[in-house]
J.: 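The structure is given below, and queries will be raised subsequently.
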Number of protein chains: 2
Amino acid sequence: MTVTETETTDTSADTCAGPPQGDRRPDGADKYTISEVAALTGLTAHTLRWYERIGLMPHIDRSHTGQRRYSNRDLDWLALVGKLRLTGMPVADMVRYAELVRSGDHTYTERFELLKQTREDVLSRIAELQGTLAVLDRKISFYADAGRALASERA
Amino acid sequence: MTVTETETTDTSADTCAGPPQGDRRPDGADKYTISEVAALTGLTAHTLRWYERIGLMPHIDRSHTGQRRYSNRDLDWLALVGKLRLTGMPVADMVRYAELVRSGDHTYTERFELLKQTREDVLSRIAELQGTLAVLDRKISFYADAGRALASERA
DNA sequence: TAGAACGCTGGAGTGCACTCCAAGCAAGCG
DNA sequence: CGCTTGCTTGGAGTGCACTCCAGCGTTCTA
């Protein structure tokens, strides 16, 4: 048996997290221009082309005149990339992940490790941010008290 | 009444969060060279000088030969800056905050607002990261399942 | 007192993630 | 047909946050 999926069935599940980017065309009629994808993803056309150049995107279908035509599959991939970007993962690492996906099923373990590592990173980043919240709250309440003191002084 | 503190009594409280950067000299004997401060904060000497240049640090005391001599107060400030940096606040905003502190007590409200905004930003960043965790976990369990399937196939 | 180690300055360089530019082709419209 | 709009390319430019360099002076250790 071979697990017949390369980031398709589960990336479409991925999109259930994130903004309700609903306006998609049905599969088979899924041909988006670069500017449509830009509007859908919030990335610029420049960035989309750049992602392709650096190998973060698979090669995108072209129209008979050579213009890019993105598919729902591409949109799914971009949604995942968007999530990974939010984790703070460097672009180079995302490119590495993309390469693993392109290389086929035998890279499952490596992808698994990469994602687990990313998960750890996210967890510690959250902890870090919660640490800053504590400091922020202490300072905020200091200034709130100072404000109250000043107000009562004026009264 | 005037609240007689300019980021001193409460920044020393701030340091209770963060790594146990204990090896401090007592007040009065608190003169640190730039490389000591670098070791204490994890910043490079370059960065410390740069922080000063851009106005993120107050002017640091100098020895009779013109070398920087940092005080405990400076260390406290650096601890706060470190925390703000962890929030992802841009350096320009930290400089703005530093300017407010230098300008005196009448900027309390503005500092308060800035910190509250930062707090909001941190909160939404945490939420964002938790969103990415959901996606990561889904993908990780996909690969874990795939790994199990492959293993049972070999059995 | 020699030499290593540390510190000073202004300014240039680095790496990342875009971001923009110029020049040109292609499609749609009045 | 001309005009606008959208897309193409390789390569150059931008902004941020450092990071390093050259050339010099100072301070510590043997």
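Quick caveat: nothing in here was measured; it's all calculated off a predicted structure. Heavy atoms only: backbone and side chains are in, while hydrogens, waters and symmetry mates are out. Chain letters run A, B, ... following the sequence lines, proteins first and then strands; every chain starts at 1.
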J.: Given atom OH of B:Y32 and atom P of C:dG7, what is their separation to the nearest angstrom?
T.: 15 Å
J.: Do the side chain of A:D137 and the main chain of A:A134 share a donor and acceptor less than 3.5 angstrom apart?
T.: no
J.: So, A:T118 versus A:D121: side-chain donor-acceptor pair below 3.5 Å or not?
T.: no
J.: For a quick test of reading the model: is some side-chain N or O of A:R62 closer than 4.0 Å to OP1 or OP2 of D:dT9?
T.: yes
J.: Would a distance-only check, ignoring hydrogens and angles, find a side-chain to backbone donor-acceptor pair under 3.5 Å from A:T107 to A:S103?
T.: no
J.: Mind calculating the distance between CD (A:E52) and P (D:dT8) to the nearest angstrom?
T.: 8 Å
J.: Side chain of B:S35 only, please: which of D:dG6, C:dC8, C:dC6 is the nearest?
T.: C:dC6
J.: Find the distance between CD (B:E128) and NZ (A:K83) and round it off to the nearest 0.5 Å.
T.: 8.0 Å
J.: Just by modelled atom types, is the B:G55 backbone N or O under 3.5 Å from a matching donor or acceptor in the B:R102 side chain?
T.: yes
J.: Please check: side-chain N/O of B:W77 versus main-chain N/O of B:N72, any donor-acceptor pairing under 3.5 Å?
T.: no
J.: For A:T65 and C:dA27, is the shortest distance between a side-chain N/O and OP1 or OP2 below 4.0 Å?
T.: no
J.: Hey, can you tell me if B:Y108 and A:Y143 have their rings parallel, tilted or perpendicular (30° and 60° cut-offs)?
T.: perpendicular
J.: Tell me what A:S63 touches on the nucleic acid: a base, only sugar-phosphate, or nothing, going by heavy atoms under 4.0 Å.
T.: nothing
J.: Provide, to the nearest angstrom, the distance between the CD atom belonging to B:Q67 and the P atom belonging to D:dG25.
T.: 14 Å
J.: Between the protein and nucleotides 16-20 of chain C, are there any N/O to N/O pairs under 3.5 Å, and if so, what are the atom names and distances?
T.:
| from | atom 1 | to | atom 2 | distance (Å) |
| --- | --- | --- | --- | --- |
| C:dA17 | OP1 | A:V91 | N | 3.3 |
| C:dA17 | OP2 | A:V91 | N | 3.3 |
| C:dC18 | OP2 | A:Y51 | OH | 3.4 |

J.: On the nucleotide D:dT27, are OP1 or OP2 found under 4.0 Å from the side-chain N or O atoms that B:H64 carries?
T.: yes
J.: Measure from CZ on A:R69 to C1' on C:dA27 and round the result to the nearest Å.
T.: 11 Å
J.: Distance check needed: C:dA27 C1' versus A:K31 NZ, whole Å only.
T.: 19 Å
J.: Under 4.0 Å between a side-chain N or O of A:R68 and OP1 or OP2 of D:dT8?
T.: yes
J.: Could you check how far CZ of A:R49 sits from P of D:dC7, rounded to whole Å?
T.: 8 Å
